[in-house]
Amino acid sequence: MTQTPIVDLIKNVEIFMGLPMELLHAFSSRLKITTFQPGSTIIQKGDHGDSMYVIAGGKVKIHDGDHIVAITETGNFFGEFSLLDAGPRSMSVTALEQTDLIPITRELFYELLQSQPEIAKKIISALTRRLRNQNESIIGQLRNREEELTRLVDERTKELKVRNEEITIKNREITDNVNYAKRIQTAILPDLNKVYDAFNDSFVLYLPKDIVSGDFYSFFQTDNSVILIAADCTGHGVTGAFLSVVGSSLFTQIINEKKITEPGLILDALHEQMIATLNQRNTDSTDGMDVSICSFESNTKLLKYAGANRPLWIIRKGELMIFNPNKFPVGGLQINHEENFQSHEIQMEENDAFYIFTDGYADQFGGENGKKLMTKKFKEILLSIQHLDMKEQKKYLGNHLEKWKGGHEQVDDVLVIGVGV
């Protein structure tokens, strides 16, 4: 098969629809056709995989032993879990006739995901529908089993058994979706070793409330500076995690591709692109995020900062200096505002320390009276540990939060970033 038919097929696959043709041509040029004969095993349950497959021609069955979960044909895809999880496959796939497949490896998918954040939402949506269809198939089997049980148990016992099995299926579907979202979010977070290499005395305290987080951090190195970002998306859990994937990819486009490095201008660009990506001018979407951005030039020790509802704290010789953000978020309810995000420039001095963070640490309930820790107490804690290096500060903050919580649940995602100059 020539390259053009591959492009024509890929562009009509649900998760790739709407992508620029130039991008699809470049992507398709790296794909090849693999042919399987009737009865051939494409995926064996329990095997490890690193590719999803688009069906270029033919027909396959997705099955667990003798139970057929689905039969799918040209233009559909399967194996998408392999893109983010190298663990054992939960289903087998067998060719029902001569079948041409287009493998898409995990490496190619990650490259595309970095430049096109909407693909993450599309593949999660497709997975959700697929899990729902599988769920309906399994529920159908449960109904058949229910008829057999009527001869053995009374009506009450039968009803409880069926309901318990349905609850198990629903719980598994929810858990699969959340773990899938976690793998996507983990893939887009920067390597902490790169942060620590750029800032010898630094820490990132990152404590999601749930499996996935609405808080995220980003890190970029430019010709003249190092950029650190702490962001808090609307909500937490899966809702916040989906938005964090979009936000992280937009930061990559703005800083690495558009070469915008001034913190205030980064936030202005992020605001416009988030509104456009989420189509917020034409929908009821109110998703947004609070952000702190710092750009540090190590040669001159010049620190630049801009914030959307999140401040910058600098501690110098035992004194706390606060640089306030603009009092509106990125995207969300503040679609239209005349004021641009303001950049601050601070000349750092030897032994200064600066901190950016989300609101989760200060908002945690606990202590003897079960109240919030509060911003004032958070300031006092940071001032009291300035004799410690940043790695020790991270350990102290983590232990203090755990002790403060006591028997209380964590109420929000926690993100604190500290850097010593």
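This structure is a prediction, so every number in the text was calculated from the model and none was measured.
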message: I need the I266 CD1 to I255 CD1 distance, nearest 0.5 Å.
response: 4.0 Å
query: Got L267 and N326 here, is their nearest side-chain heavy-atom distance under 4.5 Å?
result: no
- request: Not counting sequence neighbours, which residues clear side chain to side chain donor-acceptor pair (under 3.5 Å) with T74? List them please.
  value: none
query: So, do I385 and L397 sit near enough that their side-chain heavy atoms are less than 4.5 Å apart?
result: yes
Side-chain donor or acceptor of D215 paired with backbone N/O of Y206 under 3.5 Å: no
- request: Show your reasoning for whether side-chain contact (heavy atoms from CB on, under 4.5 Å) applies to H400 and Y361.
  value: CA-CA 10 Å; H400 188 279; Y361 199 99; 3.8 Å; yes
- request: Determine, step by step, whether F341 and I293 satisfy the side-chain contact (heavy atoms from CB on, under 4.5 Å) criterion, reporting the C-alpha distance in whole Å, the side-chain angles of both residues, the deciding distance to 0.1 Å, and the verdict.
  value: CA-CA 11 Å; F341 288 98; I293 301 181; over 6 Å; no
- prompt: Applying salt bridge (charged side-chain N to carboxylate O under 4.0 Å, His left out), which residue pairs with at least one partner in residues 56-77 are found, sequence neighbours left out?
  reply: K45-D64, K59-E73
task: Would you mind reporting whether I104 and L31 have side-chain heavy atoms less than 4.5 Å apart?
output: yes
task: Please confirm whether the backbone N or O of V245 pairs with a side-chain atom of S248, one donor and one acceptor, at under 3.5 Å?
output: no
- prompt: Got a sec, which residues hit salt bridge (Lys or Arg N to Asp or Glu O under 4.0 Å) with E97, two or more places apart in sequence or on another chain?
  reply: none
task: Count the heavy atoms belonging to other residues, nucleotides or ligands that lie under 6.0 Å from NZ of K405, then report whether that count exceeds 12.
output: yes
message: Would you compute the distance between atom CD1 of I227 and atom SG of C294 and round it to the nearest 0.5 angstrom?
response: 10.5 Å
query: Which atom names give the shortest non-hydrogen contact between M289 and L243, and what distance separates them?
result: CE-O, 4.2 Å
- prompt: Which residue pairs satisfy the salt bridge (charged side-chain N to carboxylate O under 4.0 Å, His left out) criterion with at least one member in residues 192-207, sequence neighbours excluded?
  reply: none
task: Assess whether atom CD of E257 is packed by more than 12 heavy atoms of other residues, nucleotides or ligands within 6.0 Å.
output: yes
task: Could you tell me whether a side-chain N or O of E402 sits under 3.5 Å from a main-chain N or O of N399, the two making a donor and an acceptor?
output: no
- prompt: Is there a side-chain contact between I55 and L101 (heavy atoms, below 4.5 Å)?
  reply: yes
- request: Report the C-alpha distance between F328 and E339 in whole Å, list the side-chain angles of each, state the deciding distance to 0.1 Å, and finish with yes or no for side-chain contact (heavy atoms from CB on, under 4.5 Å).
  value: CA-CA 10 Å; F328 45 81; E339 183 181 355; 3.6 Å; yes
statement: dist M21:CE -> L24:CG (nearest 0.5 Å) comes out at 5.5 Å
- line: Of all heavy-atom pairs linking Q364 and E409, the shortest is NE2-O, 3.0 Å
message: So which atom in H271 and which in P329 form the shortest heavy-atom distance, rounded to 0.1 Å?
response: ND1-O, 4.1 Å
field: Qualifying residues under salt bridge (Lys or Arg N to Asp or Glu O under 4.0 Å), relative to K372, sequence neighbours excluded
entry: D363
- prompt: Closest heavy-atom contact between A306 and Q342?
  reply: CB-O, 3.3 Å
field: Which residues share a side chain to side chain donor-acceptor pair (under 3.5 Å) with S295, sequence neighbours left out
entry: S225
- prompt: Under a 4.5 Å cut-off applied to non-hydrogen side-chain atoms, are K304 and S343 in contact?
  reply: no
- request: Measure the shortest side-chain to side-chain distance between Y53 and T34 over non-hydrogen atoms and say whether it is less than 4.5 angstrom.
  value: no
field: N193 backbone acceptor or donor facing D191 side chain under 3.5 Å
entry: yes
- request: Report the distance from atom CE of M17 to atom CG of N12, rounding to the nearest 0.5 Å.
  value: 5.5 Å
Atom of I43, atom of G79 and distance for their closest heavy-atom approach: CD1-CA, 4.5 Å
query: Excluding sequence neighbours, so at least two apart, what forms salt bridge (Lys or Arg N to Asp or Glu O under 4.0 Å) with K371?
result: none
- request: Just do the side-chain contact (heavy atoms from CB on, under 4.5 Å) check on R310 and D359 with the steps written out, would you?
  value: CA-CA 8 Å; R310 299 308 307 158; D359 57 5; 3.9 Å; yes
field: R30 versus L108, closest heavy-atom pair with distance
entry: CZ-CD2, 3.2 Å
Distance, nearest 0.5 Å, that separates CG of L415 from CG of D413: 9.0 Å
- request: With sequence neighbours excluded, tell me which residues meet salt bridge (Lys or Arg N to Asp or Glu O under 4.0 Å) with E297.
  value: none
task: Could I get the full list of ring-ring contact (aromatic ring centres under 6.0 Å, His included) partners for W313, not counting sequence neighbours?
output: F357, F378
- prompt: Do D352 and L303 come within less than 4.5 Å of each other through their side chains, counting heavy atoms only?
  reply: no
message: Classify the ring geometry of F199 against F219: parallel below 30°, tilted from 30° to 60°, perpendicular beyond 60°.
response: perpendicular
task: Kindly confirm or rule out a cation-pi arrangement of K395 over F203, judged by NZ or CZ under 6.0 Å from the six-membered ring centre and within 45° of its axis?
output: no
statement: Tested for side chain to side chain contact (heavy atoms under 4.5 Å, CB included) against S292, the lone hit among I356, L312, I417 is I356
- prompt: Any side-chain heavy atom of F220 sitting closer than 4.5 Å to one from T261?
  reply: no
Contacts of Q393 that satisfy side chain to side chain donor-acceptor pair (under 3.5 Å) - sequence neighbours left out: Y355
- request: Any pair with a residue in residues 279-309 that passes ring-ring contact (aromatic ring centres under 6.0 Å, His included), sequence neighbours left out, goes on the list, sorted by first then second residue, please.
  value: Y305-H344
query: For the atom pair CG (L373) and CZ (F365), what is the distance rounded to the nearest 0.5 Å?
result: 11.0 Å
- prompt: What residues form a side chain to side chain donor-acceptor pair (under 3.5 Å) with T35, not counting sequence neighbours?
  reply: D100
